[in-house]
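Since the structure comes first, as structure tokens, the remarks are kept for the end.
In the text below, chain A, chain B and the rest are named by the order of the sequence lines, each starting its count at 1.
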2 protein chains.
Amino acid sequence: MAESNTPDGAWNYCSNSALKRASRQLGQLYEDLLAPSGLKITQYTLLTQIKLGRETPLKLLAEAMVMDLSALGHTLKPLQRDGLVELVADEHDRRVKRVRLTEKGNRLWSNTNGLWREAQARFDAAFGKEASENLRRTMDLIASPGFAAAFSGARQDQD
Amino acid sequence: MAESNTPDGAWNYCSNSALKRASRQLGQLYEDLLAPSGLKITQYTLLTQIKLGRETPLKLLAEAMVMDLSALGHTLKPLQRDGLVELVADEHDRRVKRVRLTEKGNRLWSNTNGLWREAQARFDAAFGKEASENLRRTMDLIASPGFAAAFSGARQDQD
DNA sequence: TAAATATAGTGGCATATACCAGTAAATTTC
DNA sequence: GAAATTTACTGGTATATGCCACTATATTTA
């Protein structure tokens with residue numbers, strides 16, 4: 001298994017920077033494999049989630065992605081421009097917009113799926129399949145509203 | 001301990017998106033506590049690393065941060081503008097620029113350190129101190145060059 | 001029901017981060 | 001030692017992502 005040999009760094013003490021640093025590297029790794037599709041890994045993830053969600057309202061999609069609503073809006077822009085996703089107005093609540101993949105979006109997603117699978121397979125191979133599953137569960141926990149509440153409730157300076 | 005209750009999502013299958021999602025949430029959590037300092041958590045991390053590095057060349061700092069050199073350059077811009085860091089030319093190699101904290105940067109770092117410590121303490125409390133250390137080690141591994149090599153070498157589609 | 005409030009999204013602005021092309025300086029080749 | 005190559009950094013451009021202010025709708029209050 002690969003070994004870390006990084007010198008002293010903030011990431012040795014700060015869980016946030018450790019996560020961010022790993023996230024940058026892993027993003028790069030997936031990104032390189034996705035390159036032939038023309039999609040960024042972030043975009044592929046977003047398309048996947050939109051596909052799973054079947055016309056989810058933007059608000060809910062943002063929550064699922066643990067992303068600011070306006071950030072989601074911005075991130076969707078290039079995908080709309082390229083005709084991969086489209087927004088449809090909700091029938092009952094005119095404030096709500098739902099997102100869905102276009103034909104083209106679906107096609108591109110399908111064509112890219114294999115590349116993502118390769119990336120994920122490589123990760124599992126390098127990191128260990130079971131460790132990989134555990135990691136995803138751990139990350140899901142950190143991303144959960146419950147964790148945020150525990151973090152915010154846990155005042156360490158007083159009480 | 002907090003529980004995850006997120007519905008089906010890409011992050012259940014994709015380690016990259018799982019990491020990114022957790023990273024967004026954790027970043028938010030730290031960010032909120034750092035807010036009074038006026039520093040983003042990313043900036044605080046960068047200042048910390050610059051402080052640890054004692055006039056590290058940009059190139060090395062970028063590598064340590066697992067960040068593109070040009071991205072680092074851009075990220076430093078607001079910090080230079082605000083007079084927190086400065087670049088000094090290397091004596092022997094005129095291509096090289098080294099980064100260091102200014103007086104002001106040092107002062108702000110010191111004043112912000114307590115806020116970061118509070119955030120880290122809360123994370124440890126919510127996540128578990130030992131789990132937190134393990135997590136940082138795991139993240140360090142994923143961020144290591146060795147892991148990238150293992151990932152890139154591990155072709156799953158052939159061989 | 002009219003007024004107050006809450007909700008969903010948009011647009012502007014700022015930072016984070018990557019790639020690419022270009023520049024300048026050092027190193028290697030021949 | 002001049003030419004070719006490599007290295008370190010900069011600037012342009014594009015996506016990622018957050019905050020705030022604003023608009024349009026809904027919902028709640030009085």
Could you tell me how far apart [X] ([atom1]) and [N] ([atom2]) are, to the nearest whole angstrom?
X       : N      : atom1 : atom2 : result
B:Leu72 : C:dA18 : CG    : P     : 10 Å
B:Leu69 : D:dT7  : CG    : P     : 13 Å
B:Leu34 : D:dC19 : CG    : C1'   : 16 Å
B:Asp93 : D:dT6  : CG    : P     : 17 Å
B:Arg94 : D:dT6  : CZ    : P     : 22 Å
B:Leu60 : D:dC9  : CG    : P     : 8 Å
A:Lys59 : C:dT10 : NZ    : P     : 13 Å
A:Asp90 : C:dT7  : CG    : C1'   : 13 Å

Short side-chain to backbone donor-acceptor contact, B:Ser152 and B:Ala149, under 3.5 Å: no
Given A:Glu130, A:Lys129, A:Arg136, the one that forms side chain to side chain donor-acceptor pair (under 3.5 Å) with A:Ser132: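 Between A:Ser132 and the candidates, side chain to side chain donor-acceptor pair (under 3.5 Å) is satisfied uniquely by A:Arg136.
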Base D:dC19 paired with A:Ser70 side chain (donor-acceptor, <3.5 Å): yes
Side chain A:Arg95 and base C:dT7 donor-acceptor under 3.5 Å: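 Such a pair is found, so the answer is yes.
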OP1 or OP2 of D:dT17 under 4.0 Å from side-chain N/O of B:Gln28: no
N or O in side chain of B:Lys77 less than 4.0 angstrom from D:dG11 OP1/OP2: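 It does, given that an N or O in the side chain of B:Lys77 lies less than 4.0 Å from OP1 or OP2 of D:dG11.
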Using a cutoff of under 3.5 Å, can you pull out all pairs of nitrogen or oxygen atoms linking the protein to nucleotides 14-16 of chain C, with atom names and distances?
from   : atom 1 : to      : atom 2 : distance (Å)
C:dT15 : OP1    : B:Arg81 : NH1    : 3.1
C:dT15 : OP1    : B:Arg81 : NH2    : 2.8

Any side-chain donor near an acceptor of the partner, A:Asp8 and A:Tyr13, under 3.5 Å: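 Yes - a donor-acceptor pair under 3.5 Å links their side chains.
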Residue pair B:Asn113 / B:Arg117, side-chain donor-acceptor N/O under 3.5 Å: yes
First of A:Asp68 and B:Leu58 reached from the 5' end of DNA chain D, by closest nucleotide: B:Leu58
B:Arg81 atom CZ: more than 12 heavy-atom contacts under 6.0 Å: yes
Value rounded to 0.5 Å, distance of SG in A:Cys14 from OH in B:Tyr30: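 One gets 4.5 Å once the value is rounded to the nearest 0.5 Å.
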Residue closer to the 5' end of DNA chain C, A:Lys97 versus B:His92 (nearest nucleotide):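 By nearest-heavy-atom nucleotide position, the 5'-most residue is A:Lys97.
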For B:Val66, side-chain contact (heavy atoms from CB on, under 4.5 Å) partners two or more places apart: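 B:Val66: side-chain contact (heavy atoms from CB on, under 4.5 Å) contacts with A:Arg21, A:Gln25, B:Ala143.
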